[in-house]
*Asks:* 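What follows is a structure written as structure tokens; I'll ask about it next.
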Amino acid sequence: MTVRVEHIVKRFGSSSEVAAVADVSFAAEPKAITTLLGPSGSGKSTLLRLIAGLETPDAGRVFIDGQDVTTLSPQHRNVGFVFQSYALFRHMSVAENIAFGMKIRRLPKSQVAERVAELLGLVQLPDYGARFPSQLSGGQRQRVALARALAIEPKLLLLDEPFGALDTQVRLELREWLHSLHERTGITTLLVTHDQEEALELSQHVVLLNHGRVAQAGSPHELYDHPADEFVASFLGGANVLKSRVSDGEAKVGSQSVPAPSGARDGTPVQAFVRPHNIRVRLPNGDNPIDLGKIERLTRVGGYVKVYVSLPTGESVTVLMSKVEVDKLQVEPGDAVAVDVVDAKVFVQSYSI
Amino acid sequence: MSFALRTRHSVLPGFGLALGFTVLYLSLIVLIPLSAAFIKTASMSWEAFWSTVTAPRVLASFQLSFGAALIAALINAFFGLIVAWVLVRYRFSGKKLIDAMVDLPFALPTAVAGIALTTVYAEHGVIGEQLAKIGVKVAFTPLGVTMALTFIGIPFVVRTVQPVLEEIDPDVEEAAAVLGATRLQTFRRVIFPAILPATLTGFALAFARALGEYGSVVFISGNMPMRTEITPLLIVTKLEQYDYAGATAIAAVMLSASFGMLLLVNLLERWTRRAEA
């Protein structure tokens with residue numbers, strides 16, 4: 001039950017155009033949820049559609065369960081696919097929607113009815129079989145779409161931004177629900193999303209894509225704690241970017257010195273990525289006044305406070321602190337504060353941007 | 001303290017005014033002239049009415065008019081679907097031209113269409129000559145009548161189906177494909193049910209239009225009593241003979257029959273739309 005793609009290339013339009021997917025290889029772990037994460041235009045949806053057979057690659061191979069399915073039509077790949085737009089058949093009832101794939105496979109009626117009832121229970125819509133999609137909420141529709149995809153007992157479940165069209169509340173509920181559903185079914189799942197929180201929460205394995213290439217693949221915590229490059233560092237966790245220069249094998253980031261990337265000579269400009277929770281703000285305590293920052297704005301988000309601080313270098317950073325900490329400091333916008341950097345990742349500055 | 005509103009305000013204002021206008025408009029243009037036909041008919045005795053509308057010549061015209069209109073509407077439903085499909089699904093040069101051509105039967109004076117069709121399909125016409133060789137006569141036969149009625153009904157199905165087809169989410173077809181459905185199965189089970197209500201609407205419109213058509217038919221039909229005489233022509237003939245009651249009697253029967261059929265098609269259409277409630 002594994003899925004593997006090797007050196008997949010897909011171009012849209014003329015061959016001179018930039019490839020939507022450029023030489024991507026990865027393998028999804030069996031029975032796990034693997035996330036294809038990336039900003040819009042990173043090729044993540046195209047990659048999913050290539051695996052489903054809805055697009056044909058220009059080069060490369062797709063393997064499902066060890067079998068080369070590169071030239072196999074979507075009808076014969078036996079995968080479940082869930083679209084962001086739900087893509088339900090609106091003239092069919094919920095039960096008919098779920099039964100569709102089984103009817104195509106000419107399963108006996110009694111078996112179809114039994115499985116439909118079972119799936120309606122699984123997606124927690126046991127009494128909705130006779131309704132039509134237009135009578136359901138977005139979250140319910142997406143659960144029906146999921147039941148329909150699962151009805152054909154696919155080897156692989158492909159979810160293309162399944163919660164993208166739902167409001168936050170429903171999205172969080174469905175995320176939880178999908179997690180428990182996966183625990184029960186154990187089906188190998190590929191999830192496409194641009195929502196890093198969704199990726200970090202739901203999946204055991206993340207493939208982070210950028211411009212049609214794999215930026216980094218690994219466990220969520222690997223990507224978060226050991227970003228391979230500046231894209232990964234800035235995409236995950238909304239890091240602050242600070243400029244610095246290497247001196248004596250170290251780069252000074254705020255109040256702290258961080259080891260510079262190996263091979264970086266003195267004077268090399270570097271970028272430091274500092275996560276909002278890796279910066280601490282405190283009251284000045286004998287600090288040199290020219291090292292102090294100024295609080296620009298405080299935004300309270302539930303139990304957390306986002307503190308926007310402008311640094312003496314002219315750069316500004318976002319700091320995430322607990323409400324308790326901020327209340328203790330009793331700071332107001334305009335106050336001078338000391339800014340301590342707890343942890344930072346330093347990369348040699350790229351000139352591409 | 002509360003202020004109770006005497007009337008409930010809708011976000012869309014002017015309901016009363018708009019409805020009043022609708023009723024007035026329909027009354028002036030549709031209801032009053034049509035009921036005049038029924039009132040005039042009522043001046044006849046029942047026996048006179050019955051003998052008028054069951055006269056062999058009248059029955060023959062009913063058969064031709066309803067039969068040809070039905071066949072023409074069916075042909076238009078089938079080919080209209082294909083034209084709409086081609087116009088929505090494919091990109092090709094000249095598409096805009098074909099799209100514009102669909103509306104021509106609306107714009108053309110029907111008499112012009114009738115004369116043109118007759119010229120081409122008459123025994124010595126460009127196409128008629130070829131057809132005559134294999135023994136097919138179009139002009140001055142029921143076939144010619146059907147052809148003229150098909151011509152004037154072309155736009156209806158195309159124009160009702162086209163927007164619905166355009167609205168079908170490609171995701172839905174892909175979902176069907178991933179679930180194992182072939183192209184044909186996807187069309188039969190997913191696309192066709194989605195466009196069926198619009199097709200029925202187009203069919204009903206084409207049928208209604210064909211039933212009342214006069215201008216294009218009178219040239220190609222030859223107007224032979226009992227053979228190629230359509231009901232609208234018979235009505236005109238009666239009027240020319242100052243038989244107003246007879247003309248309205250036939251019109252009343254035709255009106256009732258077409259109203260009944262349109263109602264039936266509408267009910268059917270509504271039934272196919274039940275899922276969109």
Side-chain angles (χ1 to χ4, degrees), chain A residues 45 48-49 51-55 72-94 96-107 130-136 141 144-154 156-162 165, chain B residues 77 81 84-85 88-93 95 157 160-204 265-277:
Chain A
S45 278
L48 200 72
R49 293 168 57 80
I51 294 166
L54 295 171
E55 304 282 355
L72 208 60
S73 70
Q75 283 89 349
H76 299 107
R77 293 199 185 188
N78 205 44
V79 297
F81 200 103
V82 174
F83 297 82
Q84 180 177 357
S85 63
Y86 323 128
L88 292 177
F89 309 130
R90 48 195 260 186
H91 61 279
M92 292 184 203
S93 69
V94 166
E96 285 169 328
N97 262 286
I98 298 174
F100 185 83
M102 295 186 277
K103 279 189 186 153
I104 294 288
R105 284 166 175 70
R106 298 182 196 288
L107 296 184
R131 302 243 190 139
F132 284 99
S134 58
Q135 299 165 315
L136 303 181
R141 286 181 207 190
V144 173
L146 208 72
R148 182 180 68 178
L150 290 171
I152 59 169
E153 298 186 349
L156 179 67
L157 187 60
L158 305 173
L159 311 172
D160 190 2
E161 305 242 11
Chain B
L81 217 61
W85 180 268
V88 172
R89 289 306 171 101
Y90 307 109
R91 298 171 114 197
F92 52 91
S93 55
K95 178 168 158 173
V157 175
T160 49
V161 171
Q162 214 175 352
V164 181
L165 208 52
E166 266 163 10
E167 242 179 55
I168 294 181
D169 188 354
D171 286 356
V172 171
E173 282 168 66
E174 289 179 345
V178 176
L179 288 166
T182 60
R183 291 295 299 157
L184 194 67
Q185 281 170 322
T186 304
F187 181 81
R188 205 168 62 77
R189 288 165 176 263
V190 177
I191 301 171
F192 186 67
I195 55 176
L196 184 60
T199 311
L200 281 174
T201 305
F203 169 81
V265 175
N266 270 329
L267 285 176
L268 196 66
E269 191 236 314
R270 183 176 278 201
W271 180 74
T272 58
R273 259 189 220 280
R274 70 201 183 283
E276 290 156 40

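It should be emphasised that the depicted structure is a prediction, and the values quoted were computed from it without experimental measurement. Every chain is numbered from 1 and lettered A, B, ... according to where its sequence line falls, protein lines coming before strand lines.
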*Asks:* Do F83(A) and E174(B) make a side-chain contact, defined as non-hydrogen atoms from C-beta onward lying under 4.5 Å apart?
*Replies:*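 Yes. Closest side-chain heavy atoms under 4.5 Å.
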*Asks:* Which atoms form the tightest heavy-atom contact between A175(B) and R148(A), and what is the distance?
*Replies:*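 The answer is CB-NH2, 3.4 Å.
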*Asks:* Using a 6.0 Å cut-off, check whether atom CZ of R106(A) has over 12 heavy atoms from anything other than its own residue.
*Replies:*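 Open.
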*Asks:* Can you name the nearest heavy-atom pair linking L88(A) to V172(B), along with the distance?
*Replies:*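 Minimum heavy-atom separation between L88(A) and V172(B): O-CG2, 3.9 Å.
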*Asks:* OG1/T186(B) to CZ/F100(A) distance, rounded to the nearest 0.5 angstrom?
*Replies:*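 Spacing of OG1 (T186(B)) from CZ (F100(A)) equals 5.5 Å.
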*Asks:* Indicate yes or no: at least one non-hydrogen side-chain atom of L196(B) is less than 4.5 angstrom from one of H91(A).
*Replies:*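 No, side chains not in contact.
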*Asks:* If you take all heavy atoms of S85(A) and D169(B), which pair is closest and at what distance?
*Replies:*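 Smallest heavy-atom distance, with atoms named: OG-OD2, 3.3 Å.
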*Asks:* Heavy-atom distances under 4.5 Å only: say whether R77(A) touches chain B with side chain, backbone, both or neither.
*Replies:*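 It is neither, since no heavy atom gets under 4.5 Å.
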*Asks:* When rounded to the nearest 0.5 angstrom, what is the spacing between CG in L179(B) and NZ in K103(A)?
*Replies:*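 Between L179(B) CG and K103(A) NZ, I get 12.5 Å after rounding to 0.5 Å.
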